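Note sheet for the following structure.
If you're wondering where the values come from, they're calculated on a predicted model, not measured in any experiment. Lettering of chains follows the sequences in order, A, B, ..., and the numbering in each one begins at 1.
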Amino acid sequence: MTLPVEAVLPELVQRLGEGRNVVLEAPPGAGKTTRVPLALLAETWLRGRSILMLEPRRLAARGAAARLAALLGEPLGQTVGFRIRFESRIGRQTRIEVVTEGILTRRLQQDPTLEGVGLVIFDEFHERHLHSDLALALCLDAQSGLRDDLRLLVMSATLYGALVAQLIDAEVVRSEGRQYPVTLHHTPRDPEGRPEAVVAAGVVRALGEQRGDILAFLPGGAEIRRAHDHLLQHPACAGVALHMLYGDLPFEVQQRAIEPDAEGRRKVVLATPIAETSLTIEGITTVVDGGWQRAPRFDPRTGLSHLETLRVSRASAEQRAGRAGRLQAGVAYRLWGENTQRGLRPFNEPEIGVADLAPLALELTAWGVSDPGQLRWLDPPPAAPLAQARELLLGLGALDEGGRITAVGREMAELPLHPRLAHMLLEGRRLGLAATACDIAALVAERDLFRGSERARPFGDRLEALTAFRQQGREGARRLGADPHACGQVERAARQWRSLLRLERHRSSEVDEEEMGLLLALAYPDRIARLREGGDERYLLSSGRGARLLPHSPLRGRPLLVAVDLDGQGEEATIRLAAPLSPALIRERLGGQLVVRERVAWDGREQAVVARREECFGALVLASKPLPQVDAAQVQQAMLTGIAALGVAALPWEAGEAQQLRARVASLRAWLPEQGWPDWSDAALQASLAEWLAPFLPGISRREQLARLDLTSILLAQLDYPQQRRLEELAPTHLAVPSGARHRLEYRLEGVPVLAVKLQELFGLAETPRVAAGRVAVLLHLLSPARRPVQVTQDLANFWATTYKEVCKELKGRYPKHPWPDDPWSARPTAATMRRLRQEGR
DNA sequence: CTCTCCCT
């Protein structure tokens with residue numbers, strides 16, 4: 001059988017032969033995974049060295065290797081082999097080695113020159129996993145340094161080639177795919193509809209309009225279960241075999257969903273994106289796509305991840321629809337309109353942009369790179385999550401203060417698990433708890449034993465179920481409500497780590513809850529939760545954030561927990577998985593890791609500077625007492641931090657005088673920019689607290705004591721004497737008016753100052769009063785005798801000439817005791833009544 | 001309104 005990719009093989013071979021990197025852009029079905037490595041095997045430039053081909057999934061790696069070997073008519077482990085976690089088939093003569101992503105990173109770390117390798121092929125690069133992005137960056141680094149004869153071939157779905165080609169300085173070779181046509185039906189959905197209802201309706205419609213089996217895409221397991229329950233009741237599903245398919249279902253159930261129905265019934269499979277690439281389901285001719293996908297997002301501010309339900313990307317939707325056209329022409333119902341289609345993102349967001357970067361940060365440090373800018377990336381690791389990751393690694397002792405890897409860090413990097421868990425394994429070994437640490441790490445890292453169960457269970461139940469599985473097999477696990485398949489996977493991971501730590505065999509012992517908490521605290525020193533007073537399920541995390549146990553958790557009321565799984569979404573984090581923690585045991589077993597520190601710091605809850613001597617484990621404060629003597633400079637520094645956190649608005653501006661001073665200076669700054677008046681905006685004052693406010697802080701350590709500050713004098717002290725003189729002259733606090741009185745000017749942060757004055761006081765005055773050496777006319781608020789505003793103007797002469805007459809007419813009757821002369825120009829300006837004027841003899 | 005998929 002000839003495959004479309006064969007047409008471009010000569011060009012591909014030639015380009016690589018010229019010593020170039022190459023990007024092969026080909027849609028699914030082109031045959032790139034099977035044909036390309038074999039076509040290159042005999043190339044002389046390889047000089048007998050091997051080809052490494054990277055696959056994004058274990059299933060795919062094993063499958064690709066098997067097909068390649070079959071094409072050569074050999075068993076696996078001869079010319080073609082594979083290496084994935086837990087399994088490898090590699091022989092002496094192996095020239096094509098198919099590996100999964102983590103394996104390649106590991107190999108590069110052990111041998112940066114990739115000795116004996118002539119070509120690295122990245123298959124399905126468009127999936128943009130964290131590991132494949134990292135592996136490409138490391139390969140490029142190796143190529144540019146030690147191995148200029150190493151070649152790279154990146155294979156990717158359509159429309160992605162140019163970007164990668166630019167990064168790796170490569171030629172793009174394009175191939176056609178093989179795919180039966182799929183007819184697309186875009187059907188706008190009820191925007192309020194829940195995913196399960198929308199997709200169930202789509203399935204019912206497809207059942208009526210099409211023949212053949214149906215594959216429907218939903219965002220997650222919960223929606224799949226609800227859609228399943230709903231469709232079971234529906235008459236359209238009578239006689240139809242209804243299946244669910246998602247990663248956490250037991251293997252047998254997944255298998256049944258993939259196979260043709262034993263009784264030959266028509267099949268409907270409700271699936272997560274697991275069916276998008278990893279699994280091929282027999283007999284599908286119709287796809288129903290709800291158009292969602294769920295993705296984790298790491299929030300560097302909290303250090304936590306949460307799941308988000310997003311619209312599918314165009315690439316994913318394409319892939320999903322394609323599932324209907326593997327056997328024959330098919331149909332895809334897309335439950336969104338053409339407009340929505342145009343707004344879809346072209347590709348899934350690269351994992352490097354949204355993931356926890358702690359593992360990547362450790363890999364980079366182990367590679368000897370402190371700044372990711374030293375490597376070439378399609379998308380560099382974003383700064384904030386990377387900084388957060390480095391901070392975590394520093395806390396775990398993997399990095400030193402200078403950001404270099406420590407001996408412990410190197411040991412951690414060599415263990416195939418998350419740095420948090422690697423730290424727990426190594427520290428657990430020192431405590432003589434290595435085997436238990438392996439179990440706990442596996443329970444954290446592998447599939448949830450109790451997924452889908454109603455009750456929120458504490459961590460201890462997992463360890464108990466694992467022990468039961470070891471002693472009594474699958475039945476033992478089932479009796480405790482655990483999934484035996486998942487137990488097997490956990491045991492397999494734990495066994496791998498035990499062997500890496502050179503532990504002989506697992507000694508099963510009693511599960512000690514407190515030791516478990518202790519070990520978990522070694523992995524999550526920053527996720528310790530203390531029970532809030534007056535309740536039994538609300539906790540305070542060491543970060544200061546609130547957290548809440550899942551309803552009905554058996555851990556309710558425990559004073560101290562280690563939160564293993566925290567969902568960071570929303571106001572309060574949700575503690576999904578936790579173990580109780582005993583401070584006494586920490587002190588007893590981890591005494592060496594306790595840090596005693598004297599802390600003088602602003603406390604947001606106390607609204608004051610607190611000075612305490614604290615005994616800490618990670619972020620957990622085990623003991624705390626007040627410091628007998630405190631350095632005044634430290635208090636001042638902490639107070640400044642506190643004021644910065646509260647904002648300058650928290651200072652006592654209420655009196656008004658200080659605000660007026662700020663407004664006067666701000667006005668002069670705006671009117672007379674050449675004079676260099678200081679910037680006293682909130683932002684500027686906030687930024688320079690240390691300069692202008694610090695000298696006045698001695699004796700102040702609480703928020704309420706800020707009321708003592710005389711902000712007017714403090715700000716005035718910022719001006720030198722000539723400036724103070726000029727301020728009085730150019731922006732006076734008061735203005736004299738013709739009546740002889742002095743009235744207060746009201747300055748504003750922007751605009752002209754306001755002079756509020758009874759209009760009788762201004763008789764005879766033609767010129768509007770001015771400030772700033774005559775540059776700015778004040779805004780007059782002309783008042784009635786009852787001090788009600790009659791007119792607002794910046795043009796007094798015009799007021800006398802026009803509006804004054806009407807004002808007179810209107811107000812004369814109401815205020816007969818006050819003067820309302822026909823000619824305001826010649827009348828005597830006064831604040832007094834007629835009677836007083838007469839008494840004064842006029 | 002129960003946590004997607006994948007990997008050392």
Side-chain angles (χ1 to χ4, degrees), chain A residues 54-61 83-88 99-110 124 127-135 194-197 217-227 245-249 254 271-279 290 292-297 304-310 312 316 319 348-349 351 354-356 359-360 362-363 366 412-419 421-422 425 441-442 445-448 450-457 489 492-493 496-497 500 550-553 564-570 574-577:
Chain A
L54 191 62
E55 291 292 329
R57 275 169 288 285
R58 296 208 282 259
L59 210 65
R83 199 190 291 272
I84 62 180
R85 189 184 183 197
F86 303 126
E87 199 178 351
S88 80
V99 300
T100 38
E101 295 168 340
I103 300 270
L104 177 58
T105 318
R106 195 119 306 239
R107 179 149 173 185
L108 277 159
Q109 292 284 16
Q110 278 160 12
E124 313 278 7
E127 294 198 15
R128 299 297 308 280
H129 292 181
L130 190 55
H131 265 302
S132 54
D133 272 19
L134 173 64
R194 293 155 61 104
E196 59 268 29
F217 286 97
L218 288 109
E223 289 88 352
I224 288 177
R225 289 191 291 275
R226 287 195 292 260
L245 180 58
Y246 51 92
D248 281 335
L249 283 173
Q254 290 191 33
T272 58
I274 194 176
E276 202 175 295
T277 51
S278 330
L279 302 166
W292 291 278
Q293 67 191 70
R294 197 160 277 152
R297 186 165 287 274
L304 306 177
S305 289
H306 64 259
L307 282 173
E308 279 181 354
T309 306
L310 307 166
V312 71
S316 279
Q319 183 72 31
N348 288 347
E349 204 160 355
E351 204 180 340
V354 291
D356 171 9
L360 177 114
L362 187 57
E363 296 280 4
M412 283 165 61
E414 278 163 18
L415 287 170
L417 69 167
H418 191 283
L421 300 175
L425 249 55
E446 298 296 315
R447 187 149 289 176
D448 183 350
F450 297 118
R451 181 56 66 80
S453 76
E454 293 292 317
R455 216 156 57 90
R457 289 161 175 268
Q489 291 188 329
R492 190 172 56 166
Q496 185 191 35
W497 298 328
L500 287 169
L550 281 172
H552 315 300
S553 165
V564 178
D565 193 349
L566 263 176
D567 186 332
Q569 204 168 20
T574 303
I575 303 174
R576 295 188 174 279
L577 185 59

ask   = How many Å lie between NE2 on A/H129 and P on B/dC7, as a whole number?
value = 8 Å

key: Salt-bridge criterion met for A/E363 and A/R106 (N-O under 4.0 Å)   = yes

request  = Compare the minimum distances between each of B/dT2, B/dT4, B/dT8 and the side chain of A/P296, then state the nucleotide with the smallest one.
outcome  = B/dT4

query = For A/L360 and B/dC6, what is the distance between atoms CG and P respectively, to the nearest whole Å?
reply = 21 Å

key: Under the side chain to side chain donor-acceptor pair (under 3.5 Å) test, residues paired with A/E351 that sit two or more places apart   = none

ask   = Is A/S553 reaching over with its side chain to a backbone N or O of A/L550, donor-acceptor style, under 3.5 angstrom?
value = no

Nucleotide B/dT4, atom C1' - distance to CG of A/D356 in whole Å = 16 Å

query = What is the nucleic acid contact for A/T105, judged by heavy atoms within less than 4.0 Å: base, sugar-phosphate only, or nothing?
reply = nothing

key: Among B/dT4, B/dC6, B/dT8, the one nearest A/L307 by side-chain distance   = B/dT4

query = Just to confirm, is there a sub-4.0 Å distance from OP1 or OP2 of B/dT8 to any side-chain nitrogen or oxygen of A/T100?
reply = yes

request  = Ignoring backbone atoms, test whether A/R297 places a side-chain nitrogen or oxygen under 4.0 Å from the OP1 or OP2 oxygen of B/dT4.
outcome  = no

ask   = A/E446 has an atom CD; how far is it from atom P of B/dT8, in whole Å?
value = 10 Å

message = Given the structure, check if the side chain of A/R106 and the base of B/dT8 hold any donor-acceptor pair shorter than 3.5 Å.
response = yes

remark   = When rounded to whole Å, the CD to C1' distance for the pair A/E223 and B/dC1 reads 8 Å

task = Return the nearest nucleotide to the side chain of A/R58; candidates are B/dC6, B/dT2, B/dC7.
result = B/dC7

ask   = Of the candidate nucleotides B/dT2, B/dC7, B/dT8, which contains the atom at the shortest distance from the side chain of A/R85?
value = B/dT8

task = Measure from CD on A/E127 to P on B/dC7 and round the result to the nearest Å.
result = 10 Å

query = What does A/I103 touch in the nucleic acid at a heavy-atom separation under 4.0 angstrom: a base, only the sugar-phosphate, or nothing?
reply = sugar-phosphate

ask   = How do A/E196 and A/E101 order along DNA chain B: which one's closest nucleotide is nearer the 5' end?
value = A/E196

query = Can you check the A/I274 CD1 to B/dC6 C1' distance for me, whole Å?
reply = 10 Å

Sugar-phosphate, base or nothing in reach of A/I84, heavy atoms under 4.0 Å = sugar-phosphate

task = Mind listing the closest non-hydrogen atom pair of A/P273 and A/L218 along with its distance?
result = CD-O, 3.9 Å

ask   = Start at the 5' end of DNA chain B and walk down; is the nucleotide closest to A/P416 or to A/R194 reached first?
value = A/R194

task = For A/E223, check salt bridge (Lys or Arg N to Asp or Glu O under 4.0 Å) against everything at least two apart and list the hits.
result = A/R294

query = Measuring from A/E414:CD to A/Q110:CD, what's the distance to the nearest 0.5 Å?
reply = 7.0 Å

task = Report which part of the nucleic acid A/P359 touches: base, sugar-phosphate, or nothing (heavy-atom distance under 4.0 Å, all strands).
result = nothing

key: A/L134 CG to B/dC7 P, straight-line distance once rounded to whole Å   = 16 Å

